[in-house]
Amino acid sequence: MLFGIALISIIIMLGSAFAVLFFENYLASVVALSVMSLALSVLFVVLQAPDVALTEAAVGAGVSSVILALTLRRIGLWQDKS
Amino acid sequence: MTVFSGVIFTIGLGVLLIAVMKSLILEQVLTGGIGSIILEQAPTEVGSANIVSSVLLAYRGLDTLGELTVLFVAATAIGLVLGQRSPDTKHDSEAGFILRSAADLLFPFMIMLGAYIILHGHITPGGGFQGGAILAAAFFIPILASPASPLNHKVSSLIEGLAGTAFILIGLFALVGKGYFLAPLFGTGDIGALFSAGSLPLLYLAVGLKVGSELAGLLARLQEV
Amino acid sequence: MNAIWLVVLPLLGAFLLPLVYRENIKLRIGIGPFVLGLNLIIAVMIWFDVAANGAHTIVMGGFPAPLGIIFYVDQLALLFVIMVILGTLILWLGKEKDYIGYIQEETLLLLIVGGSCGLVLSGDLFNIYVFYEIVAVSSYGLAASRGSYAASVRFLILGAFGSSLLLLGIALIYAVTGTLNLAHLAVLAPQSLQGIVGVTAFVFIIIGLGVKAELFPVNTWVPEVYTTAPARISALLGGIVSKLALLVILRLLITLYESSAAHLLLLTLGVLGVITGELAAMRATHLRQMLAYSSIGQLGLVAIAFSIPGPAGIIAGTALALHHAIVKPALFMLTKAWGKQLSDLAGASKVSLLSSLLFLVFALSLIGIPPLPGFWAKFLLLKGALETNIAAYQMAIAVVLIATVIETTYFMRIVRLMFQEELKKTSTLKAPALQELMPACVFLAILLISVFAIKPMGTHLNTLAISAADKSVYIDQTFDKTLFP
Amino acid sequence: MTETIGIQLVSYSGAMGLILLGIFALVNYEHLIRVIFGLILLEAGVNLFLITLAYRADAVAPIMIEGQTAAMVDPIPHALVLTAIVIGVAVQALALALVIKTYQKYGTLNTRILAQRIAEESGTRMIEGIPTEVKKV
């Protein structure tokens, strides 16, 4: 059961990490990064680290993605192709 | 050419890491690390039900101070880099009515959630960093909804400075009283009760306020460049 | 005095500085120097205490050694602490008139001093990482302080990559030993850290710390940052802060990695740094760029010295590092008015004889002309390397001698330009302003005092190095073997 | 028992994958935003690695609940990762602020072009051979 959850979240995590690097659109990359952080925080719960999971969800998936998105909007890469 | 050498470099590192992981998984030498000693001693020495909190604020309190300092350094450097906000900056247009009222409605609940997470950091998962991030979000969402009313940077930097000072002062108080910087104060109390673990909740409050004001200031700064 | 004050006081100052500035604008001249001066007094008091009673440890939170964080206070660390505080205090004299962002810059200066003190004193691997990050992040900010964003962001990328590798190395060490305390690790190292995991961890750590220490493969940021940042910041980063990472590497070599392979790795990196740095400095066309490459070379020399096992290496390395910390900031401050192409310097002595003479003295000392202290530092290095009787170190001696010849060539080329050529009609050279000359003069005074104090300083360095090179002193001072076998 | 070893193995490989992807991005890409993505992935990988180190078979989260007697996992790596995550976000925010300013000043985020612009601006000649960051374009 736990192993299944771990495996699925690892697959999602690595998949979205690939997507971060290979998406053409920067905003899509940021969304993928956010998904990666969420999958990572699920994995942290499986690995018995609830504190870290909370932090990763709040800081990694939340604050970090917002900062990235704000920056992209400032420099006008909101929709650009790379 | 550079792509090729980059791939080669990464593959080499990958082989090295696989070898390292293999020896880590097969040998698992670690049995008597300091972690197990801390697991035994933390309940009596610090009295916090959440042992990660006792490690974070008691055993490795200086790391937490350093981490707050890194956040402060980054915020200061961002202030230096982005400079003063020019008064004639164009604002984004106001968000619609629904988003604005939702932001107003959400604000008190997020503050409450943040405060709850900070104050229960020593008994449940969570604490200063997580609660601080939620506080920052609580202050940032209204800015997104109505960009013309910016965050009050004076107040946020005041909280920032005072919370950091408070953390250090608690540590120095322990230095004077007990002879050790950041030693736990006020006894341990009953494990699991809200008022337990001595000075830990106070330290977490300082951490939460500092992280919250720092992150809120940071987000607002990046938003209004 | 408790050594924690050395870290806490600048941090407290930095947290409160922006608030005080906003309330009372008149206080702004005094606060930074006041905090640093107080810190210097505390450091000197602890120095005398340690000189009388020997090294001691400071326990944080009352949790004994391997559980909590400790500071290991010995003379070697205090020497570097005093160097950082004094250097920053002297460079504070070179402050320009107020400009946008001076509050933030002064805050960052205080923070970098606090972080540096912690980095040097700390006896816990992860704590070292945290303080290293404080120093690194404040240097990214300081490097960008006057509009050189591109150089700073390239520096930041390299630095953050290095920090991640450093953290990975620390994680690997924790994986095989289960502890983070340096003394506890020193006890466990002979069994646990000799395998592939331990060696990989060392390589990651040395790459990570090498970014600040300007070691060979990860020093591409050096010329960019030092040519574009303000002179005062280049002086601080290149002259003073960069040595601290090398000191941390030295501590790791003494306590954790005594094997000759680890020493040879540092030696190789140092030799490559010396060769590449000096050759590039020879071909540089810009004064600031030349000094930047020469600082890569000088730090390579320090790395070579620290890689010599035993007290001789520590003596030579400390002497070289301190000498460089006096000379390089002064040279950087002098370039403030002249930071142009080398060919523009023709006839500079006609414009400002004083600063040209200062340049000459510092250059001579950097090359190593007796009786200036630079000679003794290089002499100690050669002596230490000769005494090892290992072939690799004998080769390093040849490299050091060749590097000295190259150094002489490029410094004398500039001196010749300054003193012999006629002033060009189109020359735009200006005499340096007082606040640029003042730090240089103070550094000159320190240099000249040390000329007459070579002998007592030598004996002091000797006793300091003997106690620092002894791993068992570190272990005995830090933790109780009976508690944790 | 086999399940826990499986979890450990899987998350070790996940951590390694993230670290390698991050380093691949850092080494290969020239666009600063992509490089920062690489940094974030690298940091996440190192954090996952630390948490996996702490994981033990049949151990529960290090929070004391009445009546619970099971062994707990090592709390130290958790504390380290909490610190590292916050430090990572601070560095990332500073990097992005610098990116904004760089883009406003130079109009490009390609690191190679930026290195060249720095050299032109300060009037230095790029020295070939040693820092081989920049090629002639």
Side-chain angles (χ1 to χ4, degrees), chain A residues 2-3 5-7 9-10 13-15 17-24 26-27 29-31 33-34 36-79 82, chain B residues 6 10 48-57 67 71 74-75 78 81-82 89-90 92 110 113-114 116-118 120-141 143-144 147 204 207-208 211-212 214-225:
Chain A
L2 275 181
F3 179 72
I5 299 175
L7 195 61
S9 48
I10 285 276
M13 189 186 77
L14 284 180
F18 265 107
V20 168
L21 296 184
F22 298 110
F23 270 150
E24 293 269 289
Y26 289 103
L27 194 59
S29 292
V30 174
V31 174
L33 206 60
S34 189
M36 187 211 77
S37 275
L38 275 178
L40 194 58
S41 69
V42 171
L43 193 61
F44 284 156
V45 175
V46 175
L47 293 173
Q48 303 290 350
D51 287 85
V52 185
L54 259 176
T55 317
E56 180 69 33
V59 177
V63 176
S64 156
S65 310
V66 173
I67 293 176
L68 269 167
L70 285 175
T71 310
L72 289 182
R73 199 185 58 160
R74 272 306 138 202
I75 60 181
L77 290 175
W78 194 240
Q79 286 161 335
S82 44
Chain B
T10 316
S48 138
N50 184 351
I51 294 174
V52 176
S53 305
S54 10
V55 175
L56 211 53
L57 292 177
E67 168 188 6
L71 256 183
I78 288 172
V81 169
L82 295 182
T89 326
K90 271 183 289 175
D92 301 313
M110 289 190 73
L113 179 64
Y116 180 88
I117 290 185
I118 291 174
H120 287 69
H122 56 297
I123 33 187
T124 56
F129 307 105
Q130 298 89 337
I134 290 173
L135 284 186
F139 281 98
F140 182 62
I141 288 175
I143 298 179
L144 274 186
Y204 251 157
V207 172
V211 171
E214 212 101 57
L215 287 179
L218 239 155
L219 286 169
R221 185 71 89 162
L222 281 171
Q223 199 263 344
E224 70 193 17
V225 178

Inset, instruction - Tabulate, in ascending numerical order, the residues of residues 56-64 of chain A having at least one heavy atom closer than 4.5 Å to a heavy atom of chain B, or enter 'none'. - result: A:Ala58, A:Val59, A:Val63
Legend entry - Contact winner vs chain B - A:Ile67, A:Val52, A:Leu54, A:Val66, heavy-atom pairs under 4.5 Å: A:Leu54
Legend entry - All side chain to side chain donor-acceptor pair (under 3.5 Å) counterparts of B:Asn50, not counting sequence neighbours: A:Asp51, B:Ser53
Legend entry - Contacting region of B:Leu215 [heavy-atom separation from chain A under 4.5 Å]: side chain
Legend entry - Partner set under side chain to side chain donor-acceptor pair (under 3.5 Å) for A:Thr55, not counting sequence neighbours: B:Gln130
Inset, instruction - Quick one: list whatever passes salt bridge (charged side-chain N to carboxylate O under 4.0 Å, His left out) with B:Glu67, sequence neighbours left out. - result: none
